[in-house]
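These notes are about the structure you will find just below.
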Amino acid sequence: MSRYYVTTPIYYVNDAPHIGHAYTTLACDVLARFMRLDGRDVRFLTGTDEHGQKVEKAAAKKGVDPQAFTDEISQNFRHLADAMNFSYDDFIRTTEPRHIASCQAIWKAIAKGQSPEGRENIYLEKYAGWYAVRDEAFYTEAELQEGPRGQKLAPTGAEVEWVEEPSYFFRLSDWQDSLLKFYQDNPDFIAPTSRRNEVISFVEGGLNDLSISRTTFNWGVPVPDDEEHIMYVWLDALANYITAVGHPNDGNALWKYWPADLHMVGKDILRFHAVYWPAFLMAAGIKPPKRVFAHGWWTNEGQKISKSLGNVIDPFELVDRYGLDPFRYFLLRQVPFGNDGDFSHQAIVHRLNGDLANDFGNLCQRVLSMIFRNCDGKIPPSHEFSEDDIAFVDGIAASIEELRKLMEEQSFHQALELIWRHVGNANRYVDEQAPWELRKSDPVRMETVLYTLAEAIRNLALLTSPFMPDAMTRIFDQMSVAATKRTFTHLGRTHGLAEGTALAGKPQPVFPRFVEEEGA
Ligand code: ME8
């Protein structure tokens with residue numbers, strides 16, 4: 001069975017989860033669910049990034065010990081995963097013993113190897129330069145900008161501070177050619193293409209060696225054989241992807257999942273994943289991942305989302321207000337994946353009432369109610385299909401080929417557009433065939449039409465279920481589709497609906513319209 005290993009970034013536990021975290025993990029969840037339904041052996045990893053100065057400072061601000069602080073905040077990300085129905089297989093925390101062992105092992109492997117220029121990969125020096133705690137990143141003087149109060153800012157807008165301390169360095173500069181060759185040999189490694197080009201020109205511009213240890217605070221993984229130093233939080237964090245599949249224990253059965261098929265990240269952290277991470281891995285003698293996709297940024301009604309602006313979007317509230325699946329649908333349908341997107345309540349209501357309630361919801365409700373009323377509550381016999389009936393249902397099932405391609409490219413919005421073209425066809429088919437008229441004039445044909453539509457709905461629900469698993473489960477339940485028949489092998493006509501199967505009762509709308517409350 002072909003394997004599929006997909007990962008989310010591990011989120012900093014300095015703050016409450018917000019819409020951005022929900023978005024990235026949702027994209028991975030949809031991929032994981034799609035691949036499972038398609039018969040693949042899936043591993044889906046998420047978790048929390050718990051070391052570093054940023055987390056240490058957040059804990060100190062609350063007057064709590066960092067371990068107690070991370071224990072508490074990490075739970076909030078699990079709660080988000082539950083609230084969003086994320087089907088992760090493993091939730092890693094970087095403070096776990098398995099991860100500390102893995103970090104120290106990758107450090108040792110890097111230190112043991114040599115750079116392509118035949119030099120040691122890790123050497124001890126002093127770091128004197130700029131550091132942004134918010135980004136947990138080092139910046140050169142040339143990269144800095146002046147803020148409104150004359151202060152120095154990183155290109156991300158984060159405040160920087162001057163740091164001078166003994167530090168181990170990773171000889172990144174020696175890995176430039178190897179990285180460029182790797183990008184060339186693996187054209188799908190970085191997506192979308194515009195981001196790939198950015199990374200390549202950054203690497204072509206020359207790489208500085210990277211400071212990979214800190215000495216002025218303690219909240220991190222100790223450097224092997226030098227207890228004065230803790231590992232740079234990004235080396236620690238990136239290693240989570242191999243820890244979770246069994247590194248450094250070579251005999252671990254989970255290692256079969258490496259290299260990962262996809263690291264899903266936001267565009268803010270692409271450089272860490274597409275430059276530093278493959279260089280660390282190559283230096284440690286481990287294969288780099290197959291692909292990194294950097295998606296875009298959500299803003300709130302046109303404004304950057306930030307705690308100081310007080311416009312952070314709470315995913316728990318949105319799930320409560322609009323329902324889980326409409327929210328999941330909106331996030332992946334509204335914005336071409338890879339682009340930035342703007343959140344607005346108006347836009348989500350529009351999607352919910354249009355695409356979901358009017359288009360998909362109405363289709364199901366109309367058809368299932370007609371079956372319930374006119375066919376004794378049972379899936380009617382199909383009798384004889386017309387060529388159009390066959391083309392209509394087979395067309396839906398055949399779109400799996402195109403969907404596979406779109407999912408491999410992470411084109412979620414196009415995948416949904418494609419499914420919704422078939423939803424549109426199905427609604428047109430209802431109108432053209434007018435089964436309510438056939439009831440008197442040709443009841444046998446009415447049964448064929450309703451059977452065909454039931455099959456269409458079942459196939460549409462299968463294709464949609466990675467995106468909206470709960471709502472589609474409700475549709476399958478209403479139609480009494482056997483639990484074992486809810487995978488992609490059951491796409492197609494007559495592969496899942498037995499004639500004469502009783503519906504599970506009077507059909508209920510799956511996507512009720514959203515009605516704005518008075519004064520809301
Ligand atoms: O960077 N729009 O963690 P983090 C879209 N711990 N996505 C957003 C977003 C927004 N407005 N805001 C955040 C870290 N994200 C590191 C990662 S991985 C080895 C270590 C998402 O908590 C997006 O995926 O700051 C972004 O890359 C991630 O949250 C950053 O999460």
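Model, not experiment: these values are computed from the prediction. For ligands, and for the atoms within them, numbers begin at 1 and follow the listed sequence.
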From the list K290, R43, H263, side-chain contact (heavy atoms from CB on, under 4.5 Å) partner of Y5 resolves to R43

Got a sec: does the NZ of K287 have more than 12 other heavy atoms crowding it under 6.0 Å? no

Taking K152 as the fixed residue, which of E141, E159, E146 is the one that meets the salt bridge (charged side-chain N to carboxylate O under 4.0 Å, His left out) rule? E141

Has R196 got its NZ or CZ under 6.0 Å from the middle of the six-membered ring of Y183, at an angle within 45 degrees of the ring axis? no

Look at the rings of Y276 and F280 and say which category their plane angle falls in: under 30° parallel, 30 to 60° tilted, over 60° perpendicular. tilted

Just say parallel, tilted or perpendicular for the rings of Y123 and F169, cut-offs at 30° and 60°. parallel

Got the residues with a heavy atom under 4.0 Å of ligand 1, by chain and number? P9, I10, Y11, Y12, H18, G20, H21, T24, D49, W234, A237, L238, N240, Y241, G266, D268, I269, H273, H295, G296, W297, W298

